[in-house]
Amino acid sequence: MKKIIGISGSILIDEGGMVPGYKRAYVNNDYIKSVILAGGIPFIIPVNTEPEIIKAQLENVDGLILSGGHDVNPLLFNEEPHKLLGNTMNERDTFDSMLIKYAFEMEKPILGICRGCQILNVVCGGTLYQDCSLAKDSYIKHCQGHTPAQPSHTIQIEKNSELYTILGEKALANSFHHMSIKDVADGFKVVAIANDEIIEAIEKVDGSFALGTQWHPEMMASSDENMLKIFKLFISKCKNSRL
Ligand SMILES: [Mn+2]
């Protein structure tokens, strides 16, 4: 039986058009395509902040993908906003935080992508650099700014990891982030870094599966078999767990 994969949504606010300021629930279509290519059935989970609704949303999926997007509000890890911080959305932080908490309680596997990886780390007690330039040795361009499917920098992968079983010791990743993980949350380990030591992936050590990637495998999965394998790995960890 195919697994049902919930993808955390976001809110798009119309800047122009007939009703400027109008809000739309959405995810980037590459998430949908990647889940289908990897053999899963995608569902978008729309943003809301009602605990009972979020629980019910999760009860109806076998696994959770945390999608990319806004910066994580630094107040969540006890920092004031730095001048280099980008746009945040508190509603989404609240939504993602509850999704993560309940997914752990229900032992639903998690794949966190970019912002999804960052908020996973923060919700579990870790911290972020509000901009990669604040990391002491960072010199690599981590926001390539164009051609999403094109890999841009090398990642070194930790041998003792799930990621290593599919990618080996090195891979090429795209890069569309400006925040990055600083302190890794307890219960997680670093499983990939860029050559400037910026953390590119984390995995949960015990219990239900959780993998976070700082890059966007969904943007590469149609053209890069290795990136598709990340979705296949994630789906292989999902069990039929719907109520
Ligand atoms: Mn990067």
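The residues of the chain are indexed from 1 along the displayed sequence. All ligand and atom numbering here is 1-based and tracks the order in the structure. Only a predicted model underlies this, so the values are computations on that prediction, with no experimental measurement involved.
His142 contributes ND1 as its N, O or S atom closest to the Mn ion (ligand 1). Sorting the N, O or S atoms of Glu200 by how far they are from the Mn ion (ligand 1) puts OE2 first. No other N/O/S atom of His153 lies as close to the Mn ion (ligand 1) as NE2 does.
With a 6.0 Å cutoff to the six-membered ring centre and a 45° limit on the axis angle, Lys182 does not count as a cation-pi contact of Phe77.
Exactly one residue among Ile65, Val35, Leu66, Ile7 makes a side-chain contact (heavy atoms from CB on, under 4.5 Å) with Leu111. That residue is Ile65. With Ser152 as the fixed residue, the side-chain hydrogen bond (donor to acceptor under 3.5 Å, both in side chains) test singles out one of His146, His142, Gln144: Gln144.
Residue pairs meeting the salt bridge (charged side-chain N to carboxylate O under 4.0 Å, His left out) criterion with at least one partner in residues 13-41, sequence neighbours excluded, are Asp14-Arg24, Asp30-Lys33.
Between the Mn ion (ligand 1) and Cys132 there is no N/O/S contact shorter than 2.8 Å. Residue contacts to the Mn ion (ligand 1): Ser175 brings an N, O or S atom closer than 2.8 Å.
A donor-acceptor pair shorter than 3.5 Å can be found between the side chains of His153 and Glu200.
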